[in-house]
Amino acid sequence: MKTLTAAAAVLFTATLSATALAEVPMDKYNKSCAICHAAGTAGAPKTHDVEAWKPHLAKGEETLMKSVHNGLNAMPPKGMCFDCSDEDYKALIEFMSTPAK
Ligand code: HEC
C-alpha cells in the first residue's frame, strides 16, 4: 500500500501547483515583454522599477489592459505576445511593476 500512498501524494501536489493562481508565464515574458521592459528600451517602464510603474498603475487596470491590447506609443499592439491571455497580461504586469522577489 506504500506505493499507492506515495502516488496519491504526488498526484495531490501536481493538482495543487496546476491550480496556483496568477502564475507568471516567464516564457512569454522572456520572448516578448522583456525585450523592452527588462532594460527600459524606448521609454518602457523597467521591470521591478516600482517608481517607474507608479504613474502607469495609477491609470487603473482597465486602461493598462487596453494599452497592451492596442499598443501605446513605442509599445506595439499586444506587447508582441500574440498568445498571451488577459490572465497572462495581468500576471505579467504585476510581475513587472512589483519589486524582484
Ligand atoms: C517593443 C517594446 C515593448 C514590448 C515588447 C512590450 N512593451 Fe510594454 N511598453 C513599452 C513602452 C515604450 C511603454 C511606455 C509607453 C508610454 O507610456 O509611452 C510600455 C508601457 C507598458 C504598460 C503601461 C501602459 C500604460 O497605459 O501606461 C504596460 C501595462 C505594458 N507596457 C505591458 C507590457 C506587457 C505585458 C508586455 C509583454 C506582453 C509588453 N508591455 C511588451 C514597450 C514595450
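Remember, predicted model here, so these are calculated numbers, not experimental data. When a ligand or atom number is given, it counts from 1 through the structure's own listing order.
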Fill in: Test item: T98 and V50 side chains (from C-beta on) under 4.5 Å apart, heavy atoms
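They are not in side-chain contact.
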Fill in: Note, L92 side chain near V68 side chain (heavy atom, < 4.5 Å)
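Not touching, per the 4.5 Å side-chain cut-off.
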Item to complete: May I ask you to identify the nearest protein heavy atom to atom 32 (C) of ligand 1, giving residue, atom name and distance to one decimal place in Å?
Response: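 It is V68 CG2, 3.6 Å.
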Worksheet item: What's the shortest distance from atom 27 (O) of ligand 1 to any protein heavy atom, and which residue and atom give it?
Response: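 So the nearest neighbour among protein heavy atoms is H56 ND1, 2.4 Å.
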Considering only heavy atoms of [X], which atoms of ligand 1 have at least one such atom less than 4.0 Å away?
{"X": "A42", "value": "12 (C)"}
{"X": "L72", "value": "15 (C), 16 (C), 17 (O), 24 (C), 25 (C), 26 (O), 27 (O)"}
{"X": "P45", "value": "13 (C), 14 (C), 19 (C), 20 (C)"}
{"X": "C33", "value": "34 (C), 35 (C), 36 (C), 37 (C), 38 (C), 39 (C), 41 (C)"}
{"X": "G43", "value": "12 (C), 14 (C)"}
{"X": "C81", "value": "38 (C)"}
{"X": "I93", "value": "29 (C)"}
{"X": "N73", "value": "16 (C), 18 (O)"}

Practice prompt. Starting at OG of S32, measure out to NE2 of H37 and round the result to the nearest 0.5 Å.
Written response: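 If I round to the nearest 0.5 Å, the distance is 9.0 Å.
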Worksheet item: Nearest 0.5 Å, what's the NZ-SG distance between K31 and C81?
Response: 5.0 Å
Worksheet entry | Partner of T63 under side chain to side chain contact (heavy atoms under 4.5 Å, CB included), chosen from K59, E61, M65 |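 That would be K59.
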Worksheet entry | Candidate with minimal heavy-atom separation from atom 13 (C) of ligand 1, of G71, A44, G40, G60 | A44
Worksheet item: Looking only at the SG atoms, are C33 and C36 under 2.5 Å from each other?
Response: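 With an SG-SG separation of 2.5 Å or more, C33 and C36 do not form a disulfide.
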Discussion item. Which heavy atom of P77 sits nearest to which heavy atom of F82, and what is that distance?
Written reply: O-CE2, 4.1 Å
Check for me, please, whether [X] and [Y] land in the same ILVMFWY cluster - side-chain distances under 4.5 Å, paths through other members count.
{"X": "M75", "Y": "L64", "value": "yes"}
{"X": "W53", "Y": "V24", "value": "yes"}
{"X": "Y29", "Y": "M80", "value": "no"}

Of the side chain and backbone of [X], name the one, both, or neither that has a heavy atom under 4.0 Å from an atom of ligand 1.
{"X": "K59", "result": "side chain"}
{"X": "F82", "result": "neither"}
{"X": "P76", "result": "side chain"}
{"X": "M75", "result": "both"}

Discussion item. Taking distance alone, with N or O pairs closer than 3.5 Å, would you say H37 contacts ligand 1?
Written reply: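 Yes - when backbone and side-chain N and O of H37 are compared with those of ligand 1, one distance drops under 3.5 Å.
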Worksheet item: Would you say Y89 has any N or O atom under 3.5 Å from an N or O of ligand 1, going by distance alone?
Response: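 Not met; the criterion fails.
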Item to complete: Answer with yes or no whether the side chains of H69 and K78 bring together a donor and an acceptor at under 3.5 Å.
Response: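 Per modelled atom types, K78 and H69 side chains form a pair under 3.5 Å.
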Discussion item. Quick check on K90: does its NZ atom have over 12 non-hydrogen neighbours (other residues, nucleotides or ligands) under 6.0 Å away?
Written reply: yes
Practice prompt. State if Y29 counts as touching ligand 1 under the rule of any non-hydrogen atom under 4.0 Å.
Written response: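 Judged by the 4.0 Å heavy-atom criterion, Y29 does not count as contacting ligand 1.
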Item to complete: State if M96 counts as touching ligand 1 under the rule of any non-hydrogen atom under 4.0 Å.
Response: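 Yes, M96 has heavy atoms under 4.0 Å from ligand 1.
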Discussion item. Regarding C36, does it place an N, O or S atom less than 2.8 Å from atom 8 (Fe) of ligand 1?
Written reply: no
Worksheet item: N/O/S atom of S67 under 2.8 Å from atom 8 (Fe) of ligand 1, yes or no?
Response: no
Item to complete: Assign the ring pair H48 / F95 to parallel, tilted or perpendicular, where the plane angle (0 to 90°) is split at 30° and 60°.
Response: perpendicular
